[in-house]
K.L.:
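Mind looking over this structure? Questions follow.
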Amino acid sequence: MRVPLTRLALTAVLAVPALVACSADEPAPAGAGGGAAAAAMSLDAVVPVPAEVTPRDGAGFRLTADTRIRAEEAAADGVARQLQAALRPSTGFGLVIGTGGPENAITLTLDADRSVGRQGYELDIAADRVTLRARTGAGLFAGVQTIRQLLPPRVDADTLQQAEWVLPGGRIVDRPRFEYRGAMLDVARHFHAPDEIKAYIDLIAQYKMNHLHLHLSDDQGWRIEIEAWPELTKRAGGAGTGVDGEGPGFLTKQDYSDLVAYAAERHVTIVPEIDLPGHTNAALSTYPELNCDGTAPAPRTDTEVGYSSLCVSKEVTYRFVEDVVKEIAALTPGPYLHIGGDEAKATTDEQYGTFMKRVLPLVAKYGKTPVGWHEIAAVPLPDDAVPQYWGTEPEQPDTAAAAAAGNRILMSPANRVYLDMKYDKSTELGFDWAARIEVKDAYDWDPARRLAGVGERDILGVEAPLWSETLRTLDDIEFMAFPRLPAIAELAWSPQAERDWDTFRGRLAQQGPRWEAQGVNFYRSPQIDWK
Ligand code: TNX
């Protein structure tokens with residue numbers, strides 16, 4: 001259940017009477033203050049743990065009604081406005097964006113050292129100023145997520161809060177281990193509306209995840225408008241679609257473009273997936289000509305997998321796929337287009353090879369880089385194709401061979417990062433075919449030592465899929481994703497040498513009050529000493 005924010009705000013005010021008495025003129029020293037709520041966060045409380053953290057003794061930076069935000073370059077303007085919007089409701093401070101001197105200001109600038117790369121940042125917190133440097137908007141945005149986490153948790157409430165808004169003094173230099181840090185949401189088994197997808201984008205972005213893969217079609221439903229094949233969404237996106245006949249709906253092209261833009265503002269790239277040639281009963285039941293015998297099967301809303309396939313030997317199949325790829329590529333500014341390819345058990349190996357040999361070049365024809373579940377590694381791949389490993393075994397020879405040939409691999413081992421797996425036997429939502437995944441299981445492994453023949457340099461990134469057979473609401477999504485998603489975000493962002501289960505437990509515990517302030521439903525894992 002989401003906690004109503006008004007109730008939260010009230011609790012927050014009642015919980016900190018000591019603060020109201022605090023002198024407004026004296027900056028509270030970092031790590032001290034009147035009661036837990038007044039203490040500044042510690043500089044190493046951040047998830048994902050930054051690459052380098054150097055605390056500085058003495059006063060931190062205290063936000064006041066006069067604090068300004070400075071964007072030194074026009075390109076930093078958008079992130080400055082996002083910082084302002086994130087801090088305004090709870091602090092009540094105007095945080096005017098303007099010029100003037102750097103004293104009592106948070107300065108955003110694009111002059112960071114080259115070593116932070118395109119996604120990293122440097123954050124300096126002194127008593128009289130804060131300076132955030134990056135080389136891109138994405139780097140500044142990542143730094144802003146760190147700043148948010150260095151303020152008291154109630155900064156994330158959307159109503160006015162009483163607190164000492166002090167950032168701990170020191171310096172952070174941060175950059176990601178992997179360039180691709182992703183989450184996947186299945187909107188095919190149960191549709192999730194644009195507002196829910198946007199809420200999920202906000203949640204993943206605050207942990208520096210930068211890709212959202214949308215699983216847009218499956219046996220139960222087709223969830224993206226295709227103009228050339230209009231019956232897809234009319235029928236397979238309409239009433240009665242979704243697991244057990246519940247969860248209809250689809251994204252219009254306009255909805256999808258809005259999502260792409262919303263994500264881009266948060267430096268998240270949308271990766272669309274049309275699952276082919278299996279997982280296609282929704283399309284097959286809509287258009288009889290896509291079936292080898294020309295007969296449409298009945299729509300299905302059960303959770304079986306592996307029984308459906310487009311007809312590999314018919315030309316109309318490739319016209320269909322080309323139309324779909326073309327329209328989706330046109331809606332997609334990001335580089336990737338995911339063609340599924342998993343569990344094609346209704347297709348022989350030879351048919352699968354024939355199909356992929358024609359479809360992989362179509363993705364390139366429309367300017368995109370193909371991603372597919374690791375089964376695609378069984379066929380000859382273009383150099384840039386990305387197999388996504390979703391197995392549970394320590395060996396997958398085709399994926400290893402693809403890595404040896406130079407293809408980059410996306411790591412999603414199902415027994416570590418499948419967010420639809422139950423936490424333990426008492427979890428009501430989700431499945432357990434791959435594993436039960438407690439927080440420690442999700443966190444405590446190294447992507448570069450997971451799969452034989454796939455090392456650090458072969459890995460494009462890590463992605464946490466959330467399949468939605470059992471999930472109906474945003475509450476359900478949040479419960480399965482939190483707290484495992486931040487654990488996976490850390491393993492994809494932070495240097496392996498800085499990661500440690502024991503310190504992570506402590507840092508994760510401090511996220512709990514943040515989720516409460518945000519109204520996020522999360523699993524209170526017994527492995528964590530929640531505050
Ligand atoms: C396997 S993972 C699937 C999905 C299911 C999921 C449920 C993968 C590529 N295929 O079709 O939704 O398991 O956990």
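Atoms within a ligand are numbered from 1 in the order they appear, just like the ligands themselves. Note that these values count all heavy atoms, side chains included, but never hydrogens, waters or copies made by symmetry.
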K.L.:
Could you find the nearest protein heavy atom to atom 8 (C) of ligand 1 and give me its residue, atom name and distance?
P.N.:
Asp342 OD2, 3.3 Å

K.L.:
So does Lys314 pair up with Glu289, basic N to acidic O under 4.0 Å?
P.N.:
no

K.L.:
Relative to the heavy atoms of Glu469, which atoms of ligand 1 are at a distance of less than 4.0 Å?
P.N.:
5 (C), 7 (C), 12 (O)

K.L.:
Under 4.0 Å from a heavy atom of His279: which atoms of ligand 1 are those, numbered in the order shown and with their elements?
P.N.:
11 (O)

K.L.:
I'd like to check which ligand 1 atoms, numbered from 1 as shown, lie under 4.0 Å from a non-hydrogen atom of Trp433.
P.N.:
1 (C), 7 (C), 13 (O), 14 (O)

K.L.:
Do the ring planes of Trp515 and Tyr207 sit parallel (below 30°), tilted (30 to 60°) or perpendicular (above 60°)?
P.N.:
perpendicular

K.L.:
Could you find the nearest protein heavy atom to atom 2 (S) of ligand 1 and give me its residue, atom name and distance?
P.N.:
Tyr418 OH, 2.4 Å

K.L.:
At a 4.0 Å threshold, what atoms of ligand 1 neighbour a non-hydrogen atom of Glu343?
P.N.:
1 (C), 3 (C), 10 (N), 11 (O)

K.L.:
Are the side chains of Ser257 and Tyr262 in contact, using a 4.5 Å heavy-atom criterion?
P.N.:
no

K.L.:
Can you name the atoms of ligand 1, numbered from 1 with element, that are less than 4.0 Å from a heavy atom of Asp420?
P.N.:
7 (C), 14 (O)

K.L.:
Can you run down the disulfide (SG to SG under 2.5 Å) pairs that involve residues 267-348, sequence neighbours left out, and say none if there aren't any?
P.N.:
Cys292-Cys311

K.L.:
Has Lys422 got a side-chain atom pairing as donor or acceptor with Leu429's backbone, closer than 3.5 angstrom?
P.N.:
yes

K.L.:
Aromatic rings Trp390 and Trp433: how do their planes relate, parallel, tilted or perpendicular, breaks at 30° and 60°?
P.N.:
perpendicular

K.L.:
Could you tell me which atoms of ligand 1, counted from 1 in the order shown, lie closer than 4.0 angstrom to a heavy atom of Met421?
P.N.:
14 (O)

K.L.:
Identify, by atom number and element, the atoms of ligand 1 in contact range of Arg189, meaning under 4.0 Å from any of its heavy atoms.
P.N.:
4 (C), 5 (C), 11 (O), 12 (O)

K.L.:
Would you check if the distance from the ring center of Tyr180 to the ring center of Tyr336 is below 6.0 Å?
P.N.:
yes

